[in-house]
Number of protein chains: 2
Amino acid sequence: MKEETGSNIDLIIENLFSIKPLLSKDYTKVIRNKSNHTHGTLLVLGTLHNYGKLSMSEIGCYLAVPKPTVTTLVDRLIADDLVERLNDPADRRIIYIQITKKGMDDYNSIKKEISLEMKERLQLLSKENLSILSTASQQVKEILILIPSDPCHPCNPSTENLNKK
Amino acid sequence: MKEETGSNIDLIIENLFSIKPLLSKDYTKVIRNKSNHTHGTLLVLGTLHNYGKLSMSEIGCYLAVPKPTVTTLVDRLIADDLVERLNDPADRRIIYIQITKKGMDDYNSIKKEISLEMKERLQLLSKENLSILSTASQQVKEILILIPSDPCHPCNPSTENLNKK
DNA sequence: AATAATGGTTACAAAAGTATAACTATTAAC
DNA sequence: GTTAATAGTTATACTTTTGTAACCATTATT
């Protein structure tokens, strides 16, 4: 283990790195078997669910996805009435995407399916571990969400790419 | 909030659900811009990194990915010398996949890239929050990893799918 | 008013991921 | 020893995702 900048941060990163794959499985399973979504569309839906309405660019930033991809993802969601476009009267270039009632319901039902998968696995843990996990996961969530998803000002995935080549 | 089965578990699920998207961004960015990997190949590499050698089926189970997809993912990794096939002398049907030195190095360097992205964001947090996050993420990781990735006995994504139709 | 910058879309081509089914090789069961 | 089950691959057709570039429409700059 290196000491580098702040070993606290390095440890956190190490931990987050390990946690992520442990969370992916249930998602993948449900997306594949019990929803009409792809990873992409569900990510967009989830982001809107969490952050409210977002512009196309912002969605791209939150998900680190190029703008043209955002367009197609949103198009598919709109085709299913899960989200809708809203014009910004102040700046008519901007289009906000907002989740619809149907989108909320859909997202929640997928969430429920994923929960069922997770629950099966979590139930194998001891009461103590569940209790610790409950507190700890709460803390992780609350702190991570504090981080300003900064890159959403200077970030434009596709142009960022261009700069690099 | 419903009370349902065990509200502890429900809370945990709710938290994990929120955490996941917060972790995805840096991965996606690095995969796209600073590696030759796709989501799939990096997931396989990461799984092997964490669990040691696994059979093809086990990889599919851990990632909830159909067997033919595992084959193509592993093929690509092998082409780059990042993993290798090992025969099981006891059962010659089974092929174990093991990460190579080069694979380890590659994984670690990607990890480092992702860490840099994460670090930028984590540094915006207060010392207290970092300290809490450090402990909490450690706990989450340690407990989640305790869960036997059970479905790897009765789970065979492709046949599981068949049963459902 | 002309020019540049920004937010989004459109249009391809290429790579990646998925589902399904058929297939080989090996092991297990009867 | 024949049959069934398991582990993995191959084949194919299809959908998603990506990269790149050109393209509107609108706003900002001068």
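Chain identifiers are assigned alphabetically (A, B, ...) following the order of the sequence lines, protein sequences preceding nucleic acid strands; residue numbering begins at 1 within each chain.
- Side-chain atoms of B/N87 and B/R92, non-hydrogen and from C-beta on, never get closer than 4.5 Å to each other.
- For B/K101 and B/D105, the salt-bridge test passes: some basic side-chain N is under 4.0 Å from an acidic carboxylate O.
- Contacts of residues 83-92 of chain A with DNA chain D (heavy atom under 4.0 Å): A/A90, A/D91, A/R92.
- The separation between A/L77 atom CG and D/dT17 atom P is 10 Å, rounded to whole Å.
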Side chains of residues 71-83 of chain A: which donor-acceptor pairs under 3.5 Å do they make with residues two or more places apart or in other chains?
residue : atom : partner : partner atom : Å
A/T71   : OG1  : A/K67   : O            : 3.4
A/T72   : OG1  : A/T69   : O            : 3.0
A/D75   : OD1  : A/R85   : NH2          : 2.6

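- Proximity note for A/R76 (side chain, C-beta onward) versus D/dT17, D/dT18, C/dG17: the nearest is D/dT17.
- Of the residues in residues 38-48 of chain B, none lies under 4.0 Å from DNA chain D by heavy-atom distance.
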Interface polar pairs with nucleotides 10-12 of chain C, N/O, under 3.5 angstrom:
none

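- The salt bridge (charged side-chain N to carboxylate O under 4.0 Å, His left out) test with A/E117 singles out one residue from A/R32, A/K25, A/K29, and that residue is A/K29.
- Atom-to-atom distance recorded for A/I114:CD1 and A/T28:OG1 is 9.0 Å, nearest 0.5 angstrom.
- In this structure, B/H49 and B/Y107 have tilted ring planes: the angle between them lies in the 30° to 60° band.
- The CG atom of B/L63 sits 17 Å away from the P atom of C/dA16 (whole-angstrom rounding).
- Here the C1' atom of nucleotide C/dT9 and the CD1 atom of A/I97 are 12 Å apart, to the nearest Å.
- When the C1' atom of D/dT6 is taken as reference, atom CD1 of B/I94 falls 9 Å away, rounded to whole Å.
- A pairwise comparison of heavy atoms in B/L43 and B/T47 identifies O-OG1, 2.7 Å as the closest pair.
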Please list each protein N or O that sits under 3.5 Å from an N or O in nucleotides 1-5 of chain C, with the distance.
none

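- In this structure, A/E84 CD and A/L86 CG are separated by 5.0 Å, a value rounded to the nearest 0.5 Å.
- Think of A/L116 as one node in a network of Ile, Leu, Val, Met, Phe, Trp and Tyr side chains linked at under 4.5 Å; it has no links at all.
- Ring orientation note: the planes of A/Y51 and A/Y62 are tilted relative to one another, at an angle of 30° to 60°.
- The closest side-chain heavy-atom distance from A/I19 to B/L16 is not below 4.5 Å.
- In this structure, of C/dT18, C/dG17, D/dT9, it is D/dT9 that holds the atom nearest to the side chain of B/M56.
- One finds no side-chain N or O of B/T69 lying less than 4.0 angstrom from the OP1 or OP2 phosphate oxygen of C/dA16.
- Between B/K111 and A/E14 there is a salt bridge, since at least one side-chain N of the basic residue sits less than 4.0 Å from a carboxylate O of the acidic one.
- Between A/I31 atom CD1 and C/dG17 atom P the separation is 14 Å, expressed in whole Å.
- Across C/dG8, C/dA19, D/dG8, the shortest atom-to-atom separation from the side chain of A/S55 is found for C/dG8.
- Between B/I78 atom CD1 and D/dT9 atom C1' there is a gap of 12 Å when expressed in whole angstrom units.
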Intermediate values then yes/no, side chain to side chain contact (heavy atoms under 4.5 Å, CB included), A/L54 and A/Y96: CA-CA 5 Å; A/L54 295 173; A/Y96 285 107; 5.6 Å; no
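- Between B/R93 and B/D88, none of the side-chain N atoms (NZ, or NE/NH1/NH2) sits under 4.0 Å from a carboxylate O, so this pair counts as no salt bridge.
- Atom-to-atom, CG of A/N33 to P of C/dT18 comes out at 11 Å; the value is rounded to the nearest Å.
- In this structure, the CD atom of A/E58 is 13 Å from the C1' atom of C/dT6, given to the nearest Å.
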